[in-house]
Amino acid sequence: MSTIEHDTSTGEDKAEAVETRHSFCRVCHAACPIEVDVETTGDTERVTHVRGVMEDPLFEGYTCIKGRQLPDQIHHPDRLRTAYRRTEAGTLETVESSVALDEIAVKLQAIIAEHGPGSVATYTGTGGYQNCVALEAARGFHKGIGSRAVYSSVTIDQPAKSMVPALIGWWEGGFHNFRDSDISMAIGYNPMVSSYAAVGGLQGTNPFIQMRRAKERGMKLIVIDPRRTELASFADIHLQVKPGEDPALLSGMLNVILSQDLHDIEFCEDWVEGLAELAKAVEQFTPDYVAERCEIDADDMVAAARMFAAGTCGTAGTGTGPNMAPNSLLTEYLAIALNAVCGRVNREGDEVESGTLLYPEAPKRAQAIAPMELRTGPAHRFRNLRGYRGEMLCTVLAEEILEPGEGQIRALIVNGGNPAVAFPDQELTMKALADLELLVVVDHRMTATAVEADYVVAPTLSLERADVPHLMDRWLTQPYTHYTPAVIAPEGDVLNEWQVFWGLTRRLGVKMPLPGGDLAELDAPTDDDAIDYAYACARMPMDEYRATPRQIHPERAYVVTAPEEGCTAKFQVGVEPMTTRIDEVFGQRTGAELIEGYVDGEFPFRLVSRRLKSALNSLGSELPALAAKGTTNPAFMNPDDLAELGIESGDLIEITSTVGVINGVCEAAPDVKQGVISMAHSWGDGSMQDVKVRDIGVPTSRLTSTTACYDEYTGMAVLSAIPVRVRASTLIPIS
Ligand SMILES: Nc1nc2c(c(=O)[nH]1)N[C@H]1C(S)=C(S)[C@@H](COP(=O)(O)OP(=O)(O)OC[C@H]3O[C@@H](n4cnc5c(=O)[nH]c(N)nc54)[C@H](O)[C@@H]3O)O[C@H]1N2
Ligand SMILES: Nc1nc2c(c(=O)[nH]1)N[C@H]1C(S)=C(S)[C@@H](COP(=O)(O)OP(=O)(O)OC[C@H]3O[C@@H](n4cnc5c(=O)[nH]c(N)nc54)[C@H](O)[C@@H]3O)O[C@H]1N2
Ligand code: SF4
Ligand SMILES: [Mo]
């Protein structure tokens, strides 16, 4: 589209090429399709507007406030457009990216020579995950240098999800689809804000319209969340559970279902083992016990259990809330057990919702997969923990940096992440970052982590690179393709994440093995080469994928096939140590007892995590329209609690956990359960002081510890349902 605009202020015609191009948003993983207006003046291209694509068959025009700020993000005056390096005086100075890579490679070589390749780690965070090749490139770099120290935000997100198949097994044909569900149980997630999808849950594709349609077809919704969330406003039953008590609640629901024979008896005979052990373990969780423990109504709990069991199609799924609370692995186990005993899996002839077109072709038979050993990564030097599914654990990274000896991490490349505010135990994390011999951060903002770095490399941003929606590909409601080329040329000395790793492997003279071959063999690869190499095993070849943007491919849907004859695998719903853990839960007064240093009565509140519509973890408040929604992460509390404490909305409060103290700005929120503080994470900076809390927020990670309570399989720390106490703050903020 080319237009001649009439400038009404001067009365002159101003010739301007304005073209609308298609792409998808990559502020979060949801990959909403967008139309992008690009204004060209001379050699420069400027994104002026972004809007949803009404005719898109899945998203139907959906975008959110964050995505619509892409023009401001791309052209932000403070956006980093060149690399930086630390001077001897300790300040950061600009440097050409290629020179920065030269110097980083020399330093890496020296570190590898002295400490071995395992001393070099990368951490890919949420920003890296928004680029389909960033994590693959980091993995290729690791293979090239011979280091297994691959870290990503997955291990501090919902690691129980990756680990639970090791205990309970899985279903090859997948769990029921949301699009066909007549029942859905959401345990601590809120896709209306987060666009996150749990197994079989509402996906982030156009969540409001999808939910309305689901309600129109009669779907029942149960939401388990201490906050009356945007999702809970659609619920038939909302159980406002006390944070951290989900294992007791889910055990109680299983008890109702199993003791009243409401489970899918036929399915269980064929595919479920350990039913008697599970029934026995949960038997003690009577409705009255659960009601008192979880601070909910016993009849509501029983009604929810019966409603779930009465459904014919639909799953129970968890989100970040319970996955960050104590006993996260047990909660996940119980949620999958609920699905298993109620037979909420696809049967022969059923279609699987998503086509997972970017991942290798895989059999989809109507059969169970037996539990498998997943902790196959190298052992950490601490707490008997080890890596799994090709990654090491973020909750152990600080210790691996700080503890001298063989295996110590000396160099870290942060690939679109912000550990200084996102990682548990902020004090320890800051100490670890400072202890590194080399810290490289790839980020377009001078974040709390970047200011600690030896080198900061400026990346291209979404609209400046070719991409595919690799995360959404697993959660889409249909087999749907969306490739985007770069829609504008990048301005400045910026590099795609793959270019950083490719540049380093070339300089180090090592390979960069990706599924399609060694990218380091190419002299001048493009974004598309990197995508081809990274997705060489995709079930839809990339050429075909590229040719059909924003299309549904019904013919590519997976159809579940018959089980293998003689298949003996079963869901294991009554295994150790999970049944013992269920017993242990019964023995506790509260899940918080698992946390070292917890003393009954001293920490009467629970601080829970949440997402804000106007921020993506630490990203957002630098953009004017998002800052207008707030420059701090408020500590949302029930008005009755505030009244009792004599605190008013807008006051500063001091929040103390077993390990740390933060000062937050409290805000009255009737949707939050009494006794709960609901607060977003990854705000503030690394100063360990809160004097700027009203302008930049505060990191809740300072209230958390990697060692005071962790899961023995996943190493997950407690990042939600944190026991805390609250009082008026005496801090004098500086504005
Ligand atoms: N207490 C508590 N702690 C938590 C959580 C919680 O709920 N509560 N949640 C956990 C979870 S789920 C996660 S995922 C982690 C988040 O941990 P991180 O991912 O480490 O944190 P983010 O703030 O999302 O950092 C992403 C960075 O990527 C940058 N970025 C954005 N786009 C790009 C890009 O295109 N390229 C590059 N190179 N960089 C880009 C952003 O500027 C930002 O600084 O935090 C975890 N920590
Ligand atoms: N707008 C926006 N979208 C995002 C992000 C963002 O920062 N902003 N972050 C992205 C990231 S990194 C992720 S991982 C996903 C996460 O996606 P979600 O898991 O959907 O995250 P939340 O919206 O925080 O929902 C978690 C819910 O759990 C509840 N909760 C907290 N503790 C407990 C508990 O102990 N038990 C129960 N039952 N509930 C509890 C909270 O009240 C909250 O409503 O979102 C992604 N999308
Ligand atoms: S939901 Fe995520 S992908 Fe969609 S517009 Fe918002 S930030 Fe962008
Ligand atoms: Mo996350």
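Note that ligands are numbered from 1 as they come in the structure, with each ligand's atoms numbered from 1 the same way. Position 1 is the first residue of the sequence; numbering continues from there.
Contact annotation: for Cys28 versus ligand 2, there are no heavy atoms closer than 4.0 Å. Within the 4.0 Å heavy-atom criterion, the part of Arg465 lying near ligand 1 is the side chain and not the backbone. When heavy-atom distances to ligand 2 are checked against a 4.0 Å cut-off, Ala615 comes that close only through its backbone atoms N, CA, C and O. Only the side chain of Asp157 comes within 4.0 Å of ligand 2, judged by heavy-atom distances. Under 4.0 angstrom from ligand 2, the non-hydrogen atoms of Lys66 all belong to its side chain. By the criterion of a heavy-atom distance under 4.0 Å, the backbone of Ser609, and not its side chain, is placed next to ligand 2. At a heavy-atom cutoff of 4.0 Å, ligand 1 is contacted by the side chain of Met324 but not by its backbone. Of the heavy atoms in Val241, only side-chain atoms (C-beta onward) come closer than 4.0 Å to ligand 2.
Less than 4.0 angstrom separates some heavy atom of Thr447 from each of these atoms of ligand 1: 44 (O). Taking every non-hydrogen atom of Tyr123 and a distance limit under 4.0 Å, the qualifying atoms of ligand 1 come out as 17 (O), 18 (P), 19 (O), 20 (O). Close approach to Thr700 involves these atoms of ligand 1, each under 4.0 Å from a residue heavy atom: 1 (N). Atom numbering of ligand 1 starts at 1 in the shown order; those under 4.0 Å from a heavy atom of Gly417 are 20 (O), 25 (O), 26 (C), 27 (C), 28 (O). For ligand 2 and Val608, the ligand atoms under 4.0 Å from any heavy atom of the residue are 31 (C), 32 (N). The distance from ligand 2 to the heavy atoms of Gly319 drops below 4.0 Å at these ligand atoms: 19 (O). Less than 4.0 angstrom separates some heavy atom of Leu619 from each of these atoms of ligand 1: 31 (C), 41 (C), 42 (O). Ligand-side atoms of ligand 1 in range of Pro459: 36 (N), 37 (C), 38 (N), range being under 4.0 angstrom from any heavy atom.
In this structure, a donor-acceptor pair under 3.5 Å is present between the side chains of Thr63 and Arg68. Between the side chains of Ser97 and Asp493, at least one donor-acceptor pair of N or O atoms lies under 3.5 Å. Side-chain contact annotation: Arg445 with Ser618, donor-acceptor N/O pair under 3.5 Å present. Of the N and O atoms on the side chains of Thr320 and Gln158, not one donor lies less than 3.5 Å from an acceptor on the other residue. Between the side chains of Asp527 and Asn496, at least one donor-acceptor pair of N or O atoms lies under 3.5 Å. Counting only N and O atoms by type, the side chains of Asn323 and Thr318 include a donor and acceptor under 3.5 Å apart. Donor-acceptor pairing under 3.5 Å is recorded for the side chains of Tyr129 and Ser152. At a cut-off of 3.5 Å, with distance as the only test, no side-chain donor of Thr590 or Lys242 sits close to an acceptor on the other residue.
Residues Ala592 and Pro723 approach most closely at CB-CG, 3.8 Å, considering heavy atoms. Of all the heavy atoms in Thr395 and Ala717, the pair that sits closest is CG2-N, 3.9 Å.
Comparing Ser614, Ser720, Ala721 by heavy-atom distance to atom 32 (N) of ligand 2, the nearest is Ser720. For atom 31 (C) of ligand 1, the nearest non-hydrogen atom from the set Gln73, His444, Met679, His29 comes from His444. When Ile156, Thr449, Leu607, Val442 are checked for heavy-atom proximity to atom 10 (C) of ligand 1, Ile156 turns out nearest. Across Gly591, Pro226, Gly125, Gly244, heavy-atom proximity to atom 35 (O) of ligand 2 is greatest for Gly244. With Gly416, Gly620, Ser682 as candidates, the residue nearest to atom 26 (C) of ligand 1 on a non-hydrogen basis is Gly416. Relative to atom 37 (C) of ligand 2, the option among Asp246, Thr229, Val27 with the closest non-hydrogen atom is Asp246.
Here the protein heavy atom with the shortest distance to atom 29 (C) of ligand 1 is Asp443 OD2, 3.2 Å. In this structure, atom 2 (C) of ligand 1 lies nearest to the protein heavy atom His681 CB, 3.4 Å. The protein non-hydrogen atom at the shortest distance from atom 34 (C) of ligand 1 is Glu497 OE2, 3.7 Å. For atom 24 (O) of ligand 1, the nearest non-hydrogen atom of the protein is Asn617 ND2, 3.0 Å. Considering only non-hydrogen protein atoms, atom 14 (S) of ligand 1 sits nearest to Thr126 OG1, 3.4 Å. Closest protein heavy atom to atom 25 (O) of ligand 1: Asn418 N, 3.5 Å. The protein atom (non-hydrogen) at minimum distance from atom 40 (C) of ligand 1 is Gly127 CA, 3.7 Å. Looking only at heavy atoms of the protein, atom 47 (N) of ligand 1 is closest to Ala422 O, 2.9 Å. Summary of contacts: the protein heavy atom closest to atom 43 (C) of ligand 2 is Asp225 OD2, 3.3 Å.
Side-chain atoms of Asp236 come within 3.5 Å of backbone N or O of Leu221 as a donor-acceptor pair. Of the possible donor and acceptor atoms, none in the side chain of Thr714 sits under 3.5 Å from a partner among the backbone N and O of Pro159. Judged by distance alone, with hydrogens and angles left aside, the side-chain atoms of Thr704 form a donor-acceptor pair with the main-chain N or O of Asp425 at under 3.5 Å. The main-chain N or O of Gly620 is never found under 3.5 Å from a side-chain atom of Ser614 such that the two would form a donor-acceptor pair.
Ligand 2 has an N or O atom lying under 3.5 Å from an N or O atom of Asn190, backbone or side chain. Between Arg227 and ligand 2, a contact under 3.5 Å exists for no N or O pair. Residue Ser153 places no N or O, backbone or side chain, under 3.5 Å from any N or O of ligand 1. The shortest N or O to N or O distance between Ser701 and ligand 1 is not under 3.5 Å. By the 3.5 Å distance cut-off applied to N or O atoms, Val193 is counted among the residues near ligand 2.
Between Asn131 and ligand 1 there is no heavy-atom distance shorter than 4.0 Å. Residue Arg611 places a heavy atom under 4.0 Å from ligand 1. For Gln130, the heavy-atom gap to ligand 1 stays at 4.0 angstrom or more.
Taking the six-membered ring for Trp and thresholds of 30 and 60 degrees, Phe208 and Tyr62 have ring planes inclined between 30 and 60 degrees apart. Below 30°, between 30° and 60°, or above 60°: for Tyr196 and Trp475 the angle between ring planes is above 60°, a perpendicular geometry.
Screening Thr331, Val585, Val290 for a side chain to side chain contact (heavy atoms under 4.5 Å, CB included) involving Leu250 leaves a single residue, Thr331.
By the 6.0 Å and 45° rule, Arg26 stacks over the aromatic ring of Phe24. For Arg610 and Phe636, the positive end sits near the middle of the six-membered ring, less than 6.0 Å away and at most 45° from its axis.
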| request: For Asn638 and Gln674, run side-chain hydrogen bond (donor to acceptor under 3.5 Å, both in side chains): C-alpha distance rounded to whole Å, both residues' side-chain angles, the deciding distance at 0.1 Å, then the answer. | output: CA-CA 5 Å; Asn638 188 284; Gln674 267 199 276; 4.8 Å; no
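The distance between the ring centers of Phe501 and Phe141 falls below 6.0 angstrom.
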